[in-house]
Amino acid sequence: MIEARHLRVLRAVAATGSFSAAARELGCTQPAVSQQMKALEASAGTPLLIRTGREMRLTQAGEALVRHAAGILAGLTAAEEEVAAIAGLRAGRVRLVSFPSGSSTLVPTALAALRAAHPGTRVSLVEAEPPRSVEMLREGDCDIALAFRYAGGGAEWDDLVVRPLLTDRLVGLVPEGHRLAGADAVAIGELAGEPWIAGCPRCRRQLVEVCEDAGFTPRIDFATDDYPAVVGLVGAGLGVAVLPELAVESVRPRGARTVAVEPPVEREIVALTLPDLAQVPAVAATLDRLAEAATRA
């Protein structure tokens, strides 16, 4: 295998015409130059220099290698500079995937702080709900997945780095004129006879489980992944819903009122990444900014 340090020595010998002159240029000893040239010729499998008295002349193979060495060493220098920039957060890229209510609440604050501190780091964002977002992380389609799980949800994240961010409580949403609109807290069973508007598939399953624990099966008249649509349907008096607090924060609930739900239903909001990715400076910095944003949420 040809090593970059040997190529640098070959270029110096070709430029100066002798081992001793090359040694002076490189700041090393003449025997060191000689040893490295022997190692390079062994790697190449053919002579690279013809020694005539005190002068050195390149063989055809030596000329070819010197001709390519300039591009190789220039490319290596550029690569070293780019890696140093990434390590120093002067450059880099992070691919983030988030669920919608996280995208509208935690992500903007985190990315604004990241850009202010490290303007050379670029972040791309796509939206996906777990478990799809977690699959994207494992498949190499993103670097960080903002995800959530409900208590007892059984999400298997043992192979991932889990950065806890916050606990998000579900709240009830009822029309302004609803009989329970002024209540401080509502037992979920008090909504047993109401028409329901359900949210994302995982939230929908959680809703059904909570209602069944309270002794009834909810009558779901509408189902949508769009949180503003849920709020709009409730505000129009078409039903009731439960939504994560983060989702309510991201939407102006016109015509609807929020009420605490008893017993409390919570979901854990986390940022996930792979163990090797957690060591990448830009990924680590993004995780830190997401954690900071969560403390303000």
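Nothing fancy with the numbering, it's 1 onward along the sequence. When reading the values below, keep in mind they use all heavy atoms of this one structure, side chains included, and skip hydrogens, waters and symmetry mates.
- Classification of E63 and R57 as a salt-bridged pair fails, no side-chain N sitting under 4.0 Å from a carboxylate O.
- Cluster annotation: V9 is connected to I2 through the hydrophobic network of ILVMFWY side chains, with a link wherever side-chain heavy atoms come within less than 4.5 Å.
- Linking Ile, Leu, Val, Met, Phe, Trp and Tyr residues whenever their side-chain heavy atoms come within less than 4.5 Å places V123 and L125 in a single cluster.
- Nearest heavy atoms, V265 versus Q206: CG1-NE2, 3.7 Å.
- More than 12 heavy-atom neighbours from other residues, nucleotides or ligands sit within 6.0 angstrom of CD on E3.
- In this structure the side chain of V259 never reaches within 4.5 angstrom of the side chain of D184, judged on heavy atoms.
- When all heavy atoms are compared, the tightest approach of L114 to A285 is CD1-CB, 3.9 Å.
- Between V97 and L137, the closest side-chain pair of non-hydrogen atoms is not below 4.5 Å.
- Annotation: side chain of L243 is not in contact with side chain of L170 (no heavy-atom distance under 4.5 Å).
- With no hydrogens or angles considered, a side-chain donor-acceptor pair links S103 and E127 at under 3.5 Å.
- Of the inter-residue distances, the one linking R179 atom CZ with L191 atom CG reads 6.5 Å to the nearest 0.5 angstrom.
- Taking CD of Q30 as the start and CD of Q35 as the end, the distance is 9.5 Å to the nearest 0.5 Å.
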- [ ] Would you please test F222 and V230 for side chain to side chain contact (heavy atoms under 4.5 Å, CB included) and show each step?
- [x] CA-CA 8 Å; F222 303 98; V230 173; over 6 Å; no
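- With T16 contributing its side chain and A12 its backbone, the two residues share a donor-acceptor pair below 3.5 Å.
- Connection of L180 to L207 is established within a shared hydrophobic cluster, with ILVMFWY side chains joined at heavy-atom distances below 4.5 Å, either directly or through further cluster members.
- A salt bridge links D159 to R138: one of the charged nitrogens lies within less than 4.0 Å of a carboxylate oxygen.
- Of the possible donor and acceptor atoms, none in the side chain of T109 sits under 3.5 Å from a partner among the backbone N and O of L106.
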Quick one, W157 with R149, criterion side chain to side chain contact (heavy atoms under 4.5 Å, CB included). Give me CA distance, side-chain angles, the key distance, then yes/no. CA-CA 10 Å; W157 296 338; R149 60 182 171 188; 3.2 Å; yes
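- Nearest approach of V270 to L272, heavy atoms of both residues: CG2-CD2, 3.7 Å.
- Summarising the geometry, atom CZ belonging to R67 is positioned 13.5 Å from atom CZ belonging to R11; distances are rounded to the nearest 0.5 Å.
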Stepwise side chain to side chain contact (heavy atoms under 4.5 Å, CB included) check, Q36 with R5: CA-CA 8 Å; Q36 292 197 49; R5 61 194 178 100; 3.8 Å; yes
* Please walk me through it: do D143 and R93 pass salt bridge (charged side-chain N to carboxylate O under 4.0 Å, His left out)? -> CA-CA 9 Å; D143 304 308; R93 179 195 67 173; 5.1 Å; no
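- Between the CD atom in Q60 and the CD1 atom in I50 there is a gap of 10.5 Å [rounded to 0.5 Å].
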Between F148 and L246, is the side chain to side chain contact (heavy atoms under 4.5 Å, CB included) condition met? List the steps. CA-CA 12 Å; F148 62 85; L246 279 184; over 6 Å; no
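- Proximity of E268 to L166: side-chain heavy atoms (C-beta onward) are nowhere separated by under 4.5 Å.
- Contact detail for S101 and S104: the closest heavy-atom pair is O-OG, 3.3 Å.
- Between P108 and G102, the closest heavy-atom pair is CD-O, 4.3 Å.
- The shortest side-chain heavy-atom distance between V161 and L274 does not fall under the 4.5 Å cut-off.
- Across P130 and F99, no two heavy atoms sit closer than the pair CD-CB, 4.4 Å.
- Under the 3.5 Å distance criterion, the side-chain polar atoms of E212 are left unmatched by any main-chain donor or acceptor of E209.
- With hydrogens and angles disregarded, no donor-acceptor distance shorter than 3.5 Å links the side chain of R115 to the backbone of G120.
- Between R169 and E262 a salt bridge is recorded (basic side-chain N to carboxylate O distance below 4.0 Å).
- In this structure E139 satisfies the side-chain hydrogen bond (donor to acceptor under 3.5 Å, both in side chains) test together with R132, sequence neighbours excluded.
- Shown here are the side-chain contact (heavy atoms from CB on, under 4.5 Å) partners of T29, two or more places apart in sequence or in another chain: P31, A32.
- At distances below 3.5 Å, not a single donor-acceptor pair connects side-chain atoms of D221 with backbone N or O atoms of W196.
- At least one donor-acceptor pair under 3.5 Å links the side chain of R95 to the backbone N or O of G140.
- L277 contributes atom CG, which lies 10.0 Å from atom CG of L160 (distance to the nearest 0.5 angstrom).
- The closest side-chain heavy-atom distance from V171 to V242 is not below 4.5 Å.
- Put simply, the side chain of E41 gets close to the backbone of L48: a donor and an acceptor are under 3.5 Å apart.
- One hydrophobic cluster holds both L26 and L49 under the rule that ILVMFWY side chains link at heavy-atom gaps under 4.5 Å.
- A chain of hydrophobic side-chain contacts below 4.5 Å, direct or via other Ile, Leu, Val, Met, Phe, Trp or Tyr residues, connects M37 to V66.
- Proximity of a side-chain donor or acceptor of D168 to a complementary backbone N or O of P244 within less than 3.5 Å is not detected.
- L76 places a side-chain heavy atom less than 4.5 Å from the side chain of R8.
- Within the 3.5 Å criterion, the main-chain N or O of P47 finds a donor-acceptor partner in the side chain of T59.
- The shortest side-chain heavy-atom distance between V186 and V261 does not fall under the 4.5 Å cut-off.
- Atom-to-atom distance recorded for L290:CG and T295:OG1 is 11.0 Å, nearest 0.5 angstrom.
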